[in-house]
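Here the structure comes first, spelled out in structure tokens, and everything after it is commentary.
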Amino acid sequence: MQLIDGKAISDQIKVEIAREVEQIKKNGGKIPHLAAILVGNDGPSETYVAHKVKDCEEVGFVSTLLRFDASISEETLINEIKKVNANSDIDGLIVQLPVPKHISEAKIIETIDPAKDVDGFHPINMGRMLIGLPSYISATPAGIVELIRRYKIQTSGKNCVVIGRSNIVGKPISNLLAQKSDFGNATVTMCHSRTKNIEEICRNADIIIAALGKPEFITASMVKDGAVVIDVGITRIKSEKTKSGFKLVGDVKFDEVAPKCSFITPVPGGVGPMTRVSLLQNTLLSAKKIIYQ
Ligand code: GUN
């Protein structure tokens with residue numbers, strides 16, 4: 001069994017990005033600039049955005065955090081997004097989700113210029129990805145693909161089971177693994193809450209991507225010997241064994257599943273750090289005008 005070390009890979013990628021930024025600086029080029037919009041004071045969102053700003057600092061990017069009160073109107077927020085769209089100094093824009101209930105998430109996402117949509121949530125980027133055109137790929141699927149590439153995990157002709165059908169993980173990763181590409185050509189089955197015989201489907205999988213958000217859902221009896229298991233889940237549960245009184249668990253019962261696997265991601269330290277670094281990679285792509293000229 002080989003542990004997929006997302007933390008080590010993400011650290012390595014950050015070093016690679018920081019080196020590239022140094023080179024850009026030397027050549028008098030444009031330093032990548034990420035803007036993040038945060039509406040209100042949602043606790044987890046505050047943490048996520050703080051991480052994103054810190055990650056930018058670490059690799060030498062410029063970042064701008066735009067904060068608005070939870071009472072901001074949809075129209076005003078849309079105008080603020082349009083200002084960022086028009087600001088040629090800003091390469092990437094994310095609006096931290098969720099936004100307050102009186103604001104339409106779909107409208108907000110569709111207002112972001114697709115060329116600055118480094119979250120890859122805009123329907124134009126989703127659509128372009130679906131048909132294999134260059135696009136921003138949302139952070140978690142992009143991170144999973146990067147792990148598959150760097151660990152040289154074979155996907156061609158493999159049975160891959162994705163559990164979860166969210167717009168930001170299940171749907172895009174299912175599509176990417178099925179595409180004609182170095183990290184694709186898999187036979188993909190997408191499972192969800194209405195899927196029957198999920199245990200049996202999993203037992204037949206060469207690769208399992210668990211992204212359903214149910215702690216320790218995948219047990220040893222659902223995994224065949226030698227399978228690759230990628231755990232996207234991250235849930236905070238109570239624990240008497242830790243100082244904080246909480247621990248993070250994935251969608252996979254790690255201790256019993258790991259011995260059966262050829263590769264497995266831990267939680268924490270697997271997919272999570274890759275998700276963070278993917279946003280930096282997309283911002284760099286945007287500054288270099290790789291996806292959209
Ligand atoms: N909320 C939870 N995850 C994400 C993410 O990846 N991007 C944004 N913008 N909001 C989120």
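In each ligand, atom 1 is the first atom listed, and ligand 1 is the first ligand listed. The figures here come from the full heavy-atom set of this structure, side chains too, leaving out hydrogens, waters and symmetry mates. Small disclaimer: the values here were computed from a predicted structure and weren't measured.
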Problem set entry | Validation row: Leu97, Ile109 side chains within 4.5 angstrom (heavy atoms) | yes
For this session: Kindly indicate whether the side chain of His51, heavy atoms from C-beta on, has any atom under 4.5 Å from the side chain of Val49.
Result: no
For this session: Give the protein residues with at least one non-hydrogen atom closer than 4.0 Å to an atom of ligand 1, ordered by chain and number.
Result: Lys52, Val95, Gln96, Leu97, Asp119, Phe121
Problem set entry | Any donor-acceptor N or O pair under 3.5 Å, side chains His33, Asp89 | yes
Exercise. Are Ile208 and Val188 linked, directly or through other ILVMFWY residues, by side chains that come within less than 4.5 angstrom of each other?
Worked result: no
For this session: Evaluate the side chain to side chain donor-acceptor pair (under 3.5 Å) criterion for residues Ser73 and Thr76: first the C-alpha distance (whole Å), next the side-chain angles of each, then the deciding distance (0.1 Å), finally the verdict.
Result: CA-CA 5 Å; Ser73 70; Thr76 309; 2.7 Å; yes
Problem set entry | Test item: side-chain donor near acceptor, Glu200 and Asn204, under 3.5 Å | no
